[in-house]
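Predicted model, so just to flag it, every value in this text is computed and none were measured.
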Amino acid sequence: QLQASGGGLVQPGGSLRLSCVASGISFSRYDMGWYRLAPGKQRELVVVIASGGSTSYADSVKGRFTISTDYAKNTVYLQMNSLKPEDTAVYYCNARKPGWDYWGQGTQVTVSS
């Protein structure tokens with residue numbers, strides 16, 4: 001029900017935009033988040049946008065990443081600028097509300113020269 005896309009290989013300092021399309025749910029009623037999982041590390045919350053619109057970013061991405069939503073397209077985006085090698089991970093989108101927790105399949109982001 002969540003389809004993430006947009007990952008790829010990018011050089012340090014570059015940009016990518018990830019997309020997460022929700023089907024079967026109206027994500028405006030959910031808290032939507034992006035998480036990432038890097039090799040040898042625990043899953044990390046990157047950013048969450050609450051159903052009310054407030055956002056919370058990990059310190060490591062503040063000022064570089066931006067979450068946005070298009071309710072007409074039932075899509076949430078993650079604009080990633082000034083990418084660093086340490087941003088390399090599989091990125092997952094998540095939709096959550098009490099009693100419900102959906103995950104997308106993940107999209108690989110590799111930052112390397």
Side-chain angles (χ1 to χ4, degrees):
Q1 295 190 338
L2 297 179
Q3 183 73 32
S5 62
L9 173 64
V10 63
Q11 292 187 344
S15 298
L16 283 174
R17 188 177 79 157
L18 306 183
S19 300
C20 177
V21 180
S23 60
I25 63 171
S26 177
F27 79 83
S28 62
R29 300 180 180 181
Y30 291 75
D31 295 343
M32 299 295 297
W34 286 97
Y35 291 75
R36 65 187 180 187
L37 182 62
K41 295 185 178 181
Q42 291 187 330
R43 186 177 66 192
E44 175 187 21
L45 173 64
V46 177
V47 58
V48 62
I49 181 166
S51 58
S54 61
T55 57
S56 179
Y57 291 87
D59 288 343
S60 58
V61 306
K62 282 181 181 177
R64 300 188 298 121
F65 291 11
T66 303
I67 191 170
S68 61
T69 55
D70 185 335
Y71 293 115
K73 295 182 179 180
N74 229 24
T75 300
V76 60
Y77 302 99
L78 181 65
Q79 179 66 43
M80 305 186 295
N81 299 328
S82 302
L83 283 161
K84 304 175 181 180
E86 50 264 42
D87 295 318
T88 295
V90 178
Y91 284 71
Y92 298 88
C93 60
N94 171 257
R96 182 176 298 171
K97 69 177 183 178
W100 302 90
D101 191 10
Y102 298 102
W103 290 90
Q105 85 288 3
T107 184
Q108 175 71 47
V109 172
T110 302
V111 184
S112 175
S113 55

State the [atom1]-[atom2] distance between [X] and [Y], to the nearest 0.5 angstrom.
{"X": "Leu2", "Y": "Ser23", "atom1": "CG", "atom2": "OG", "result": "7.5 Å"}
{"X": "Ile25", "Y": "Tyr30", "atom1": "CD1", "atom2": "OH", "result": "4.5 Å"}
{"X": "Lys97", "Y": "Ser51", "atom1": "NZ", "atom2": "OG", "result": "9.5 Å"}

Practice item. Test Asp87 against Arg64 for side chain to side chain contact (heavy atoms under 4.5 Å, CB included), laying out the working first. Key: CA-CA 11 Å; Asp87 295 318; Arg64 300 188 298 121; 2.7 Å; yes

Which pair of heavy atoms, one from [X] and one from [Y], lies closest together, and at what distance?
{"X": "Gly106", "Y": "Val90", "result": "CA-CG1, 3.8 Å"}
{"X": "Tyr102", "Y": "Asn94", "result": "O-ND2, 2.9 Å"}
{"X": "Thr107", "Y": "Leu18", "result": "CG2-CD2, 4.0 Å"}
{"X": "Ser15", "Y": "Ser82", "result": "OG-N, 4.3 Å"}
{"X": "Asn81", "Y": "Gln79", "result": "OD1-NE2, 2.9 Å"}

Check your understanding: Going through the checks in order, is the side chain to side chain donor-acceptor pair (under 3.5 Å) test met by Ser26 and Ser28?
Key -> CA-CA 5 Å; Ser26 177; Ser28 62; 3.2 Å; yes

Point to revise | Name of the residue among Glu86, Arg36, Lys84 meeting side chain to side chain contact (heavy atoms under 4.5 Å, CB included) with Ser60 | key: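 That would be Arg36.
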
Are the side chain of [X] and the backbone N or O of [Y] linked by a donor-acceptor pair below 3.5 Å?
{"X": "Tyr92", "Y": "Ala4", "answer": "no"}
{"X": "Asn74", "Y": "Ala22", "answer": "yes"}
{"X": "Thr69", "Y": "Val76", "answer": "no"}

Review point. When you look at Tyr77 and Thr66, which way does the side chain to side chain contact (heavy atoms under 4.5 Å, CB included) test go after all the steps?
Key: CA-CA 8 Å; Tyr77 302 99; Thr66 303; over 6 Å; no

Practice item. Scan residues 9-35 for pairs that pass salt bridge (Lys or Arg N to Asp or Glu O under 4.0 Å), counting only residues two or more places apart or in two chains. Key: none

**Study point:** Pairs involving residues 100-113, ordered by first then second residue, that meet salt bridge (Lys or Arg N to Asp or Glu O under 4.0 Å) (sequence neighbours left out)
**Key:**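 Counting only pairs at least two positions apart or across chains, the salt bridge (Lys or Arg N to Asp or Glu O under 4.0 Å) contacts touching residues 100-113 are Arg96-Asp101.
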
Practice item. Run the numbers on Gln108 and Leu9 for side chain to side chain contact (heavy atoms under 4.5 Å, CB included), then give the verdict. Key: CA-CA 8 Å; Gln108 175 71 47; Leu9 173 64; over 6 Å; no

**Study point:** Pair listing, ring pair (Phe, Tyr, Trp, His ring centres under 6.0 Å) test, anchored in residues 31-53, at least two apart
**Key:**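 Every pair satisfying ring pair (Phe, Tyr, Trp, His ring centres under 6.0 Å) with a residue in residues 31-53: Tyr35-Trp103.
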
